[in-house]
Structure formats: structure tokens, C-alpha cells
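This report refers to the structure that appears directly beneath it.
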Number of protein chains: 2
Amino acid sequence: MATPHTHTHDHGSWNTHAADALARKGTRRSSARDAVVTAIAAQDCCASAQEIHARLRTDGSTVGIASVYRTLELLHGMGLVTRIDTGDGVARFEPTHPGGEHHHHLVCTSCGAVEAFHDDALEEAIHRIADRVDFRVDAHDVALRGACRACR
Amino acid sequence: MATPHTHTHDHGSWNTHAADALARKGTRRSSARDAVVTAIAAQDCCASAQEIHARLRTDGSTVGIASVYRTLELLHGMGLVTRIDTGDGVARFEPTHPGGEHHHHLVCTSCGAVEAFHDDALEEAIHRIADRVDFRVDAHDVALRGACRACR
DNA sequence: GTTTACTTGATAATGGTTATCATTACCGCG
DNA sequence: CGCGGTAATGATAACCATTATCAAGTAAAC
């Protein structure tokens with residue numbers, strides 16, 4: 001049930017999903033935002049604002065770091081992006097897939113590597129908690145910390 | 001099974017547990033460290049370094065903020081304290097109870113309030129994942145995010 | 001008591017994130 | 001089409017939690 005999560009999502013689908021949501025919200029179209037959205041769509045796992053910015057600049061874009069943070073904040077507020085805190089003081093982001101399926105993370109405390117995994121029993125347990133508790137649960141995240149294969 | 005977690009731990013037991021562990025490690029006794037350990041022992045849930053420092057200063061202590069961070073780092077490295085990242089860029093800490101029993105957190109994304117809960121099925125699911133994955137899992141944490149009763 | 005080196009508290013430095021602000025450019029309206 | 005209001009941008013300063021530095025203090029071994 002706990003799989004290594006070898007999925008390869010259709011990046012394009014999230015890209016258009018996000019573009020539609022932004023249009024529906026009435027935001028203006030801009031090259032900076034487009035570039036950031038496209039960059040996020042291309043990610044396989046989470047990336048920090050700085051990493052996204054660096055990749056964009058390497059590819060010739062002139063987006064400012066502020067626009068990357070602004071776009072991430074906007075997308076996060078709209079639920080289009082999931083924020084992951086691995087505990088090193090850096091926020092990482094990855095696309096939120098519309099179907100609701102998602103994964104969680106194994107964080108190596110020695111080298112900082114992040115791997116993804118998915119587990120149905122875990123999701124089930126969390127949903128049951130959400131139903132039972134006096135709290136409206138919108139999202140959840142799980143991090144398992146330890147040593148990856150290489151660091152062990 | 002998912003309880004509101006109304007436990008009232010014996011603060012003194014963790015206090016002596018921590019003091020013993022520090023003595024065994026061979027650290028020197030100091031008033032600053034004692035003060036921080038006592039403050040942590042008195043917490044019901046997680047608190048940030050700054051909060052701990054503020055409380056100590058209010059109570060007349062002269063501990064410097066650096067000593068609070070240093071002590072937290074030391075205790076965390078010894079597994080005596082658990083670090084929680086609620087996603088607001090501030091690390092929070094709470095005593096790790098020797099029995100291994102622990103709780104997780106409900107984080108209100110609008111007011112920042114943090115509540116604790118415990119769930120056996122969740123722990124069970126996580127242990128099964130830990131056994132199955134190619135990763136040595138030392139710790140785990142779960143955060144459910146949403147709106148608390150007051151903010152809903 | 002002396003010595004050694006662990007600790008401390010104040011403060012400077014670091015680095016991710018946010019706020020500011022003048023400028024640019026989208027887009028609805030005439 | 002061209003104008004005007006204003007969202008959005010990019011550079012940069014400000015912010016703030018956390019870390020590193022360092023001279024002074026102090027616990028513990030001898």
C-alpha cells in the first residue's frame with residue numbers, strides 16, 4: 001500500500017487548471033505569473049521560491065524574486081499549490097492536483113533530501129480524524145523524518 | 001479514538017528525565033540551562049524560542065535569547081524535545097515524553113492557534129509505512145490545517 | 001586556590017521572506 | 001484605436017527568526 005510513488009502526472013493538466021482558476025478569479029495576464037505557473041507545473045516534487053527563481057533566470061527569464069513569492073502566495077491562497085515545510089526554514093511548494101490525490105514526504109535530516117510517498121491507510125485515518133474533531137480541516141500534511149538510503 | 005487530548009502530564013517527571021539525561025551526557029550545570037528546561041517542562045503544548053525567552057524574562061530571569069536557542073538545539077539533538085513547524089516560519093518546541101506517547105497538531109490558518117490531538121489508527125498507519133519504505137524513519141509529524149471553532 | 005574549557009549574554013551577521021515604490025503594461029470603455 | 005485606471009512588476013530596503021562570534025563568567029577537576 002505504501003508505494004514509492006512513481007507517478008508521472010500530466011503537467012499540462014495542472015497548468016491549464018491553474019490558468020483557468022486565475023482567469024475565473026479575474027487576475028490580469030502577465031508574463032511573470034505565466035512563467036512561474038509553467039515552472040511549477042514542470043516540477044515533479046516540491047521546490048523553494050529561490051529554486052524556482054534560479055531555474056527561471058537560468059532559462060533566460062527576467063522575473064524578479066518578488067514576483068515568484070507573490071505568485072506562490074496567490075496560488076497557495078487559491079489552493080492551487082501545496083506548501084511543505086521540511087523544517088530547514090525554507091518553504092517549498094508543489095502543484096495541488098485537482099483530483100485530490102496527493103503524496104507526503106520523507107525528509108532526510110542529514111542531507112535534506114525529500115522523497116514522496118503515498119499511503120491509503122494513512123489518508124483514511126486522517127479523514128476519520130477530520131470528521132471527529134471540532135475543527136474544520138482543509139488540508140493536512142505528514143512528514144517522516146530520518147535517514148535516506150544514502151545517508152544511513 | 002481521536003480524543004481532544006485533555007491529558008495533564010506530570011511536568012516534574014519530564015523535568016527530572018531531562019536533567020538526568022543532561023547529567024549522563026556530562027554537561028555542566030548552569031542557571032540558564034536549568035531555567036530553560038524548567039520553562040519547557042511547564043508547557044502544555046508547543047512554544048517558540050522567543051515565547052520561552054519572553055516568559056523567562058518576565059519572571060525575572062536574565063537568560064539571553066542565545067542560550068534559549070542553544071538549549072533547545074541541545075535538547076532537540078538529544079531527543080528530549082520535539083520540534084514543530086506550523087508553517088509560519090517559527091519553530092516551536094515541546095517536551096518529548098519518554099514513554100513514546102505523543103500527539104499531533106491542528107493548526108488554525110487564520111488565527112494561528114494550535115491544538116493537540118492523538119489518534120491510534122494514525123500512529124498505526126505511520127508505523128506500517130515506516131516498516132515498508134526504504135528509509136530509516138526516526139520521527140514523524142502530522143499537521144491538520146484549517147479553521148478552529150472560533151474562526152470558523 | 002588554580003586551571004581548564006564549557007557556558008553565558010550581548011551583539012553582529014545571515015538569509016529567507018515581505019513591504020515599499022516608482023514604473024510598466026493589461027484591459028475595459030469611450 | 002487610444003486613454004485611463006489600476007493590477008502587476010522588478011529592484012531594493014526592511015523585517016525578523018535564527019546563528020555565529022567573542023569577551024567575560026563560572027562549574028568542576030586537580
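Chain A is the first sequence line, chain B the second, and so forth, proteins listed ahead of strands; every chain is numbered from 1.
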Open item on the list: I'd like to know if B/Asp134 pairs up with A/Arg149 as an ion pair, taking the criterion as any Lys NZ or Arg NE/NH1/NH2 lying under 4.0 Å from an Asp or Glu carboxylate oxygen.
Closed with: yes
Open item on the list: If the threshold is 4.0 Å, N to carboxylate O, is there a salt bridge linking B/Lys25 and B/Asp20?
Closed with: no
- [ ] Taking only the side-chain heavy atoms of B/Ser67 (C-beta and beyond), determine which of D/dG10, C/dA10, C/dT8 contains the nearest atom.
- [x] C/dT8
Task: Ionic contact status for B/Arg128 with B/Glu124, cut-off 4.0 Å - done: yes
TODO: Let me know the distance between NE2 of A/His53 and P of C/dT18, rounded to the nearest Å.
DONE: 15 Å
Open item on the list: Whether B/Arg92 and B/Glu51 form a salt bridge (side-chain N of Lys/Arg under 4.0 Å from carboxylate O of Asp/Glu) is what I want to check.
Closed with: yes
Task: Rounded distance in Å - CG (B/Asp34) to C1' (C/dT7) - done: 12 Å
Task: 5' precedence on DNA chain D between A/Val63 and B/Ser48 (nearest-nucleotide basis) - done: A/Val63
- [ ] Find the distance B/Ile84:CD1 to D/dA17:P and express it as a whole number of Å.
- [x] 18 Å
- [ ] Determine the interplanar angle of the B/His140 and B/His104 rings, folded into 0 to 90°, and report it as parallel if under 30°, tilted if 30 to 60°, perpendicular if over 60°.
- [x] tilted
- [ ] Would you please confirm or rule out a distance under 4.0 Å between OP1 or OP2 of D/dT19 and any side-chain N or O of B/Tyr69?
- [x] no
- [ ] Send over the distance from A/Ile65 CD1 to D/dT12 P, rounded to a whole Å.
- [x] 14 Å
Open item on the list: Mind checking if B/Arg70 touches a base, just sugar-phosphate, or nothing, with heavy atoms under 4.0 Å?
Closed with: base
- [ ] Go along nucleotides 25-30 of chain D 5' to 3' and tag each nucleotide: B for a protein heavy atom under 4.0 Å from its base, S when only backbone or sugar atoms are that close, - otherwise.
- [x] --BS--
Open item on the list: Could you check whether A/Asp119 pairs with B/Arg132 (Lys NZ or Arg NE/NH1/NH2 to Asp/Glu carboxylate O, under 4.0 Å)?
Closed with: no
